[in-house]
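All values below were derived from every heavy atom in this structure, side-chain atoms included, with hydrogens, water molecules and symmetry-related copies excluded.
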Amino acid sequence: MENKALFVSQYLKPLLLVLGEDIVDAEYKKTADEEIVIVSYEGGGSIEVNVHMDSPAALCRDVLKSI
């Protein structure tokens with residue numbers, strides 16, 4: 001899948017929301033230098049996961065390892 005933003009919003013985010021880890025959002029951001037997924041938690045905390053050059057499977061693996 002070419003569009004990581006679409007993959008994150010349609011597939012990864014719903015998965016993360018049902019895991020029961022107090023996750024309230026997941027979004028993909030791309031800048032000139034990096035690609036990240038931002039996972040936001042209840043209470044305002046968040047983590048950023050580098051997903052530059054990741055396939056969809058690798059993106060999932062990297063995010064799930066980080067939460």
Side-chain angles (χ1 to χ4, degrees):
M1 173 176 277
E2 284 286 320
N3 191 336
K4 288 182 186 177
L6 181 63
F7 179 81
V8 169
S9 67
Q10 286 191 343
Y11 301 105
L12 182 64
K13 180 179 175 178
L15 172 66
L16 295 176
L17 293 177
V18 300
L19 290 178
E21 300 290 328
D22 297 329
I23 294 171
V24 295
D25 196 18
E27 64 180 308
Y28 171 82
K29 295 278 185 172
K30 182 175 183 177
T31 66
D33 298 327
E34 62 185 3
E35 297 174 273
I36 58 170
V37 171
I38 303 166
V39 178
S40 301
Y41 292 90
E42 287 182 18
S46 66
I47 60 166
E48 294 185 0
V49 181
N50 180 356
V51 295
H52 185 70
M53 300 292 291
D54 279 4
S55 67
L59 184 150
C60 290
R61 181 191 67 232
D62 290 345
V63 171
L64 290 171
K65 275 180 26 181
S66 298
I67 61 170

field: Nearest heavy-atom neighbours spanning L16 and I67
entry: CD2-CD1, 3.9 Å
task: Apply the side-chain contact (heavy atoms from CB on, under 4.5 Å) test between E48 and each candidate in V37, V39, I36; give the one that qualifies.
output: I36
message: Please determine whether residues L59 and L19 belong to a single hydrophobic cluster, defined as Ile, Leu, Val, Met, Phe, Trp and Tyr linked transitively by side-chain heavy-atom distances below 4.5 Å.
response: yes
query: Is L15 reachable from V24 through a run of hydrophobic residues whose side-chain heavy atoms are each under 4.5 Å from the next?
result: no
- request: Could you grab the distance from atom CD1 of I23 to atom CD1 of I47, nearest 0.5 Å is fine?
  value: 7.0 Å
statement: S9 and P14 have their tightest heavy-atom pair at O-CD, 3.5 Å
Atom pair CZ (F7) and CG (D54), whose distance is rounded to the nearest 0.5 Å: 10.5 Å
statement: Which of V8, L6, L12 passes side-chain contact (heavy atoms from CB on, under 4.5 Å) with Q10? It is L6
- prompt: Considering only heavy atoms from C-beta outward, does the side chain of K29 approach that of T31 to under 4.5 Å?
  reply: no
query: Taking the side chain from K4 and the backbone from K30, do they hold a donor-acceptor pair closer than 3.5 Å?
result: no
- request: Measure across D62 and N50 and return the closest heavy-atom pair with its distance rounded to 0.1 Å.
  value: OD2-O, 4.0 Å
